[in-house]
Amino acid sequence: MMNLKKDKLQFSKTKLLVSFKEFDEIKKVIDYVDILDLKNPLLGSIGPWCKKEIVRVIKEFENRKISATLGDINNPDKTFLQLKKFDELGLDFIKFGFLFKRNSEIDYLLYKIKKRKFKTKIVGVFFAEQKIIGQYILNNLDKLSNSGVNYVLIDTYLKGSSDLLDNLSLDLLSNIINKSLLTNVTIGLAGKVKENQIPTLLKLNPGIIGIRSAACKKNDRNGSISINKLKKISKYFA
């Protein structure tokens, strides 16, 4: 069974997710992006857009895959409340962060997600600076899958310092992706990913690779997206 699932994944295409901080960034580069990720870097690691602007993007780009983030919420009840609200917007993906202090809070939120049965695909974001988080994901993929979390995105919280590969080894990321093949969870990789790291990460065959700074002028995630840089990056995914 495992080999069959591996074969299927090897013939699938890793999707390029690009985070956008405002509506006007999207139109000029939309042809080079698989998933439009609505995330405001000025409002935190997974800073939210206002709902009015999210709805505007959904209406304007209704035939594209669209993701939106809830924001940096560190309370499971508030996270769940926002998940329910975003589930009514018509998004393809909702991203939330596991920003809780205790594993019991993760379990509590997973229990609530399982009972709800969301219409939208749920993306749980773990942050690589917590060195033990890679092992936690590896050990809990079944729990995440059974709860109804469809995607796990491994990201970085502090965008100005280390990147994904500074925190987690390629071997560990490969083990997580391979083990995910036995579950209903798809693994995404992000976290200050640099252009020259993309070929290496693609070899791991994740479902998604997410970027922002690599597509921006001067690699500044708070700056504007460069058409030329994103066009070049998109060729890795062709």
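Since the structure is predicted, the reported quantities are computational estimates derived from the model, not experimental observations.
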For residues 112-119, tabulate all N or O donor-acceptor pairs below 3.5 Å that involve a side-chain atom, not counting sequence neighbours.
unit_1	atom_1	unit_2	atom_2	d
R116	NH2	E88	OE2	3.4
K119	NZ	E88	OE1	3.2

K194 atom NZ, over 12 foreign heavy atoms within 6.0 Å: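 Yes, enclosed.
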More than 12 heavy atoms from other groups under 6.0 Å of CG on L42: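 Yes, because the 6.0 Å sphere around CG of L42 holds more than 12 heavy atoms from other groups.
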Any residue meeting side-chain hydrogen bond (donor to acceptor under 3.5 Å, both in side chains) with E22, in chain and number order, not counting sequence neighbours: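 With sequence neighbours excluded, E22 shows a side-chain hydrogen bond (donor to acceptor under 3.5 Å, both in side chains) to no residue whatsoever.
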Test side-chain hydrogen bond (donor to acceptor under 3.5 Å, both in side chains) applied to N222 - qualifying residues, sequence neighbours left out: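 Result, side-chain hydrogen bond (donor to acceptor under 3.5 Å, both in side chains) vs N222: none returned.
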Shortest non-hydrogen contact between [X] and [Y], atoms and distance:
X	Y	result
I30	R64	O-NH2, 3.0 Å
G223	C216	O-SG, 4.1 Å
G124	V149	N-CG1, 4.0 Å
P206	I209	CG-CG1, 3.8 Å
L164	A128	CD1-CB, 4.2 Å

Can you tell me how far [atom2] of [Y] sits from [atom1] of [X], rounded to the nearest 0.5 angstrom?
X	Y	atom1	atom2	value
L70	I46	CG	CD1	7.0 Å
S67	D37	OG	CG	4.0 Å
K84	T79	NZ	OG1	12.5 Å
L201	T14	CG	OG1	9.5 Å
R56	F23	CZ	CZ	4.0 Å
L38	I58	CG	CD1	7.5 Å

Summary of ring-ring contact (aromatic ring centres under 6.0 Å, His included) pairs that have at least one residue in residues 143-173, sequence neighbours excluded: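 Residue pairs passing ring-ring contact (aromatic ring centres under 6.0 Å, His included), neighbours aside: F93-Y151, F127-Y157.
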Note, [X] side chain near [Y] side chain (heavy atom, < 4.5 Å):
X	Y	answer
Y108	F80	no
L189	I177	yes
P48	N40	no
F96	L83	yes
D155	F126	no
F100	N75	no
I208	I35	yes
K85	K51	yes

Would a hydrophobic clustering, with Ile, Leu, Val, Met, Phe, Trp and Tyr connected at side-chain separations under 4.5 Å, put [X] with [Y]?
X	Y	result
L81	I54	no
L168	L144	yes
F98	F86	yes
V123	L16	no
V185	L17	no

Test log, rule side chain to side chain contact (heavy atoms under 4.5 Å, CB included), inputs L202 and L204: CA-CA 5 Å; L202 282 170; L204 302 182; over 6 Å; no
Short N-O contact, D34 and K65, less than 4.0 angstrom: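 No, no charged N to carboxylate O under 4.0 Å.
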SB check D92 K121 (cutoff 4.0 Å):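 No, this pair does not count.
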Can I get a per-line list of side-chain donor-acceptor pairs under 3.5 Å for residues 230-238, giving both atom names and the distance, sequence neighbours left out?
unit_1	atom_1	unit_2	atom_2	d
K232	NZ	E195	OE2	3.4
S234	OG	K231	O	2.7
Y236	OH	E195	OE2	3.0

Under a 3.5 Å distance rule, please check whether [X] uses its side chain to pair with a backbone N or O of [Y] as donor and acceptor.
X	Y	result
E62	K59	no
T69	G47	yes
S145	N184	yes
D163	L165	yes
W49	F20	yes
N150	I122	yes

Derivation and outcome, side chain to side chain contact (heavy atoms under 4.5 Å, CB included), residues I154 and I176: CA-CA 10 Å; I154 307 174; I176 291 171; 4.1 Å; yes
Side-chain donor-acceptor pairs of residues 134-143 under 3.5 Å, sequence neighbours excluded:
unit_1	atom_1	unit_2	atom_2	d
N139	ND2	Q135	O	3.3
N140	OD1	K143	NZ	3.4
N140	ND2	Y136	O	2.8
K143	NZ	D107	OD1	3.0

side-chain hydrogen bond (donor to acceptor under 3.5 Å, both in side chains) evaluation trace for S162 with N167: CA-CA 7 Å; S162 58; N167 289 281; 3.0 Å; yes
Side chain to side chain contact (heavy atoms under 4.5 Å, CB included) between K21 and R221, intermediate numbers included: CA-CA 9 Å; K21 68 177 182 179; R221 72 190 291 261; over 6 Å; no
Verdict with supporting geometry, V193 and I198, side chain to side chain contact (heavy atoms under 4.5 Å, CB included): CA-CA 7 Å; V193 171; I198 290 174; 3.9 Å; yes
Polar contact flag, side-chain donor to acceptor under 3.5 angstrom, S45-D72: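 There is no such pair between these side chains.
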